[in-house]
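As the structure is a prediction and not an experimental result, all values here were calculated from the model. Throughout, a chain's letter reflects where its sequence line sits, starting with A, and its residues are numbered from 1.
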2 protein chains.
Amino acid sequence: MNKEEELLKSHISRHNLKVTKERSAVLRAFLASARHITAEELYRKMKDENSSVGLATIYRTLNLFCESGLAEQRQFGDGQARYELVYNVSHHDHLICQECKRIIEFQNEEIEVLQEKVAKKNHFKIFSHKLELYGLCSDCSKVQAETK
Amino acid sequence: MNKEEELLKSHISRHNLKVTKERSAVLRAFLASARHITAEELYRKMKDENSSVGLATIYRTLNLFCESGLAEQRQFGDGQARYELVYNVSHHDHLICQECKRIIEFQNEEIEVLQEKVAKKNHFKIFSHKLELYGLCSDCSKVQAETK
DNA sequence: ATGATTATGATAATGAATTGCATTTAGTCT
DNA sequence: AGACTAAATGCAATTCATTATCATAATCAT
Ligand SMILES: [Mn+2]
Ligand SMILES: [Mn+2]
Ligand SMILES: [Zn+2]
Ligand SMILES: [Zn+2]
């Protein structure tokens, strides 16, 4: 049993929930898929692999992952929630290419410190934050330069 | 005719659109309302002031404002788009109180510079960004401290 | 194994936002 | 001013992601 499975099961037992084959299957598929996956994408992926779990259950299970601290939901502005593993993954923010939809992760401790400074100045207590940089990745910048 | 009206009318004529009483009314109401208003809120406000414009037109007009560079849309995670005047308003980011929903604006040039640095390191070209700090404002922190 | 409780799948419902369409309006050209 | 054309409006219908409902099935403590 891997760390992620352990975390989920501990959350499940702590809340009088039940371990089901669907939940295990969704966890397996989730851990095996690319970061920042949508519910619909995960649903299709599982269907393609002949392990069909209802879409409603995918949504329910992804929410469960978030409640357990295993995953977090992201909104990158395209109207679909994306989910990513955050357990045993260090905090990071995102660069989002508006052309190819690529998502690049980055960490910047200086920015984090400055955020706290801003909060302090405003007597504000930060619980979470969202920093997203939208634009063009290097590949797409090149293409655009060539085209014109 | 104020600056905002001028900007909008210039966009309108440049795109062979038309100045209508509805658009003028929405602009007036928008400029007179609090920052970060939702379409629904603006709709209600106008209805209350006996200047009823259809909700679809409110949406269409707010989109027009965004296209003209007068306003920008924000998503603060509650599932409803908010709009704010950005013409002749300097760039800023937001602190959002999860308790009372208050929105505090701040500017931090250091963070902006660091964002560019991150982008450069990743050969990324930034077109826009979103920095939101979620938590408790000073008032709500106080209440929470007293309650427990 | 039983039984209480939780989970699932299928489908309906929700809610913000957009769209189609018949009608109205704005702006331009006589 | 009147006529014409393109654009705008209101209303209802539609879309799309997500959640809720509910009958049935599965889990798990006893
Ligand atoms: Mn990430
Ligand atoms: Mn603002
Ligand atoms: Zn790209
Ligand atoms: Zn507050």
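Rounded to an integer number of Å, the gap from B:Ile58 CD1 to D:dT9 P is 10 Å. Rounded to an integer number of Å, the gap from B:Tyr43 OH to C:dA16 P is 13 Å. Rounded to whole Å, atom P of C:dT6 lies 13 Å from atom NE2 of A:His11. Between the CD atom of A:Glu67 and the C1' atom of C:dA7 there is a distance of 14 Å, given to the nearest Å. B:Arg23 has its CZ atom 13 Å from the C1' atom of C:dG27, to the nearest Å. To the nearest angstrom, P of D:dA17 lies 12 Å from CZ of A:Arg44. Here D:dA17 presents its P atom at 11 Å from CD of A:Glu41, a figure rounded to the nearest Å. Straight-line distance from the CG atom of A:Leu62 to the P atom of C:dT8: 12 Å, rounded to whole Å.
For residues 100-125 of chain B, no residue pair satisfies the ring-ring contact (aromatic ring centres under 6.0 Å, His included) rule, not counting sequence neighbours.
For A:Phe30 and A:Phe65, the ring centers are positioned less than 6.0 Å apart. Not less than 6.0 angstrom separates the ring centroid of A:His129 from the ring centroid of B:His94.
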Checklist entry - Between B:Val26 and B:Ile58, does a side-chain contact (heavy atoms from CB on, under 4.5 Å) hold up when you go through it step by step? => result CA-CA 7 Å; B:Val26 174; B:Ile58 302 275; 4.1 Å; yes

Next on the checklist: With side-chain contact (heavy atoms from CB on, under 4.5 Å) as the criterion, how do A:Asp93 and A:Glu132 come out once you've worked through the C-alpha distance, each side chain's angles and the decisive distance to 0.1 Å?
Outcome noted: CA-CA 6 Å; A:Asp93 291 294; A:Glu132 289 153 15; over 6 Å; no

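A side-chain donor-acceptor contact under 3.5 Å links B:Gln107 to the backbone of B:His91.
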Item to check | Per-nucleotide protein contact string for nucleotides 18-30 of chain D (B base, S sugar-phosphate only, - none; heavy atom under 4.0 Å) | outcome: SBBB----BBS--

